[in-house]
Amino acid sequence: MRHAPPPVLLVVAHGSRDPRHAATVRALARRVRSLRPGLRVETGFLDFDAPSVPRVLDRLAAQAHACGAPVEVVAQPLLLTRAFHAKSDIPAVLGEASARHPLLRIRQAGVLGPSPLLLRALERRLARAGLSLADRASTGVVLASAGSTDPEASAVIADTAREWRHTGWCAVRPAFASARLPRTEDAVRELRAAGVRRIAVAPYVIAPGRLPDRIAAGAREAGADVLADVLGPAPEVAGVLLERYDTAAAARLPGRAAAA
């Protein structure tokens, strides 16, 4: 008996005028493909970059019509917290596509964070930046995120900082590049004033762009000892992405039978 193929994984990224953003998203998609051979992985962007999410879904719908069979799609937001894009923008885009294309069976996966895998990815980036993780007891870390006006998203960043602190760091402080305080430079100065000997800044963002650049500038301005890179296509990020995909793929679609 022939089995239906697994749902297509559509990685939904915000998009940026900075070309490094799209390059990083595509590198992450390649990493996912390498971890799950045979899985069809597409990338789409909400703004600035191509292809747009609606364009990718239109193409998948055309293939469904050509085959005369529905196509299952899991849309994976490339987001670390549930804020406006996860709650509003992406559901709206996916809903419009579902209304236009009855042969598409679209479900939205959960955001990537929080996850222990993401903390491992942060530590991988800090180690690559030259920080010996054996020195964590004397090192304070600024967990620097993009920032959001959504209180749920901000609370998740604060909770993540507290959880990470319990793994042995001297201190972990959340910081935000926009919308919320403190800024990265303020958190670095607060740790320095508290007597922390070594301070590292860990950007809790996936891809380069304007806000990650603001985080880096704040770290340099305040004299942080170590500045890690963005999470990028780290294997742990690809791993949590596949975890979210598997959970969504196994879920029953509202009003429809679960995918075979």
Report summary line: All heavy atoms of Arg214 vs all of Ala177, minimum pair found to be NH1-O, 2.8 Å
**Report entry** From CG (Asp150) to NE2 (His85), nearest 0.5 Å
**Finding:** 11.0 Å
Query raised in the report: Between atom OG1 of Thr139 and atom CZ of Arg197, what is the distance when rounded to the nearest 0.5 Å?
Result: 8.0 Å
Requested in this report: Measure from the side-chain N and O atoms of Ser178 to the backbone N and O of Ala146, and report whether any donor-acceptor pair falls under 3.5 Å.
Outcome: yes
Requested in this report: Determine, using the 4.5 Å side-chain heavy-atom cutoff (strictly less than), whether Phe45 and Val56 are members of one ILVMFWY cluster.
Outcome: no
Query raised in the report: Do Leu104 and Val53 sit in the same hydrophobic cluster, where Ile, Leu, Val, Met, Phe, Trp and Tyr count as joined when their side-chain heavy atoms come under 4.5 Å apart?
Result: yes
**Report entry** Nonpolar side-chain network containing Val196, other nodes, edges under 4.5 Å
**Finding:** Val142, Val188, Leu191, Ile199, Val201, Val205, Ile215, Leu227, Val230
Requested in this report: Please report the closest heavy-atom contact between His21 and Ala207, naming both atoms and the distance.
Outcome: ND1-CB, 3.6 Å
Query raised in the report: Shared ILVMFWY cluster between Ile157 and Leu119, side chains joined below 4.5 angstrom?
Result: yes
Report summary line: Note: Ile106 and Ala97 closest approach over all heavy atoms is CD1-CB, 4.0 Å
Query raised in the report: Taking all atoms of both residues into account, what is the closest heavy-atom pair of Gly113 and Leu118, and its distance?
Result: CA-CD1, 3.7 Å
**Report entry** Same apolar cluster: Leu46 and Val25, side chain cutoff 4.5 Å
**Finding:** no
Query raised in the report: Distance from Leu112 atom CG to Glu243 atom CD, nearest 0.5 Å?
Result: 10.0 Å
Query raised in the report: What class does the angle between the rings of Phe48 and His14 fall in, given that below 30° is parallel, 30 to 60° is tilted and above 60° is perpendicular?
Result: tilted
Query raised in the report: Is Leu117 linked to Leu78 within one hydrophobic cluster, defined over Ile, Leu, Val, Met, Phe, Trp and Tyr using a side-chain heavy-atom separation of less than 4.5 Å?
Result: yes
Report task. Taking all non-hydrogen atoms of both residues into account, name the closest pair between Gln108 and Pro91 and its distance. Result -> OE1-CG, 3.4 Å
**Report entry** Test log, rule side chain to side chain contact (heavy atoms under 4.5 Å, CB included), inputs Leu122 and Leu231
**Finding:** CA-CA 7 Å; Leu122 288 166; Leu231 293 170; 3.7 Å; yes
Mind listing the side-chain donor-acceptor pairs of residues 57-71 below 3.5 Å, one per line with the distance, residues two or more places apart or on another chain?
from: Asp58; atom 1: OD1; to: Arg100; atom 2: NH2; distance (Å): 2.8
from: Asp58; atom 1: OD1; to: His101; atom 2: NE2; distance (Å): 2.7
from: Gln63; atom 1: OE1; to: Arg40; atom 2: NH1; distance (Å): 2.8
from: Gln63; atom 1: OE1; to: Arg40; atom 2: NH2; distance (Å): 3.1

**Report entry** Pairs meeting criterion side-chain hydrogen bond (donor to acceptor under 3.5 Å, both in side chains) with involvement of residues 217-235, two or more places apart
**Finding:** Arg189-Glu221, Arg192-Asp225
Query raised in the report: Any ion pair linking Arg26 and Asp49 (charged N to carboxylate O, less than 4.0 Å)?
Result: no
Report task. To the nearest 0.5 angstrom, please state how far the OG1 atom of Thr160 sits from the CZ atom of Arg162. Result -> 9.0 Å
Query raised in the report: For the atom pair CZ (Arg120) and CZ (Arg125), what is the distance rounded to the nearest 0.5 Å?
Result: 14.5 Å
Query raised in the report: Where do Ala228 and Ala202 come nearest, in terms of heavy atoms and distance?
Result: CB-CA, 4.3 Å
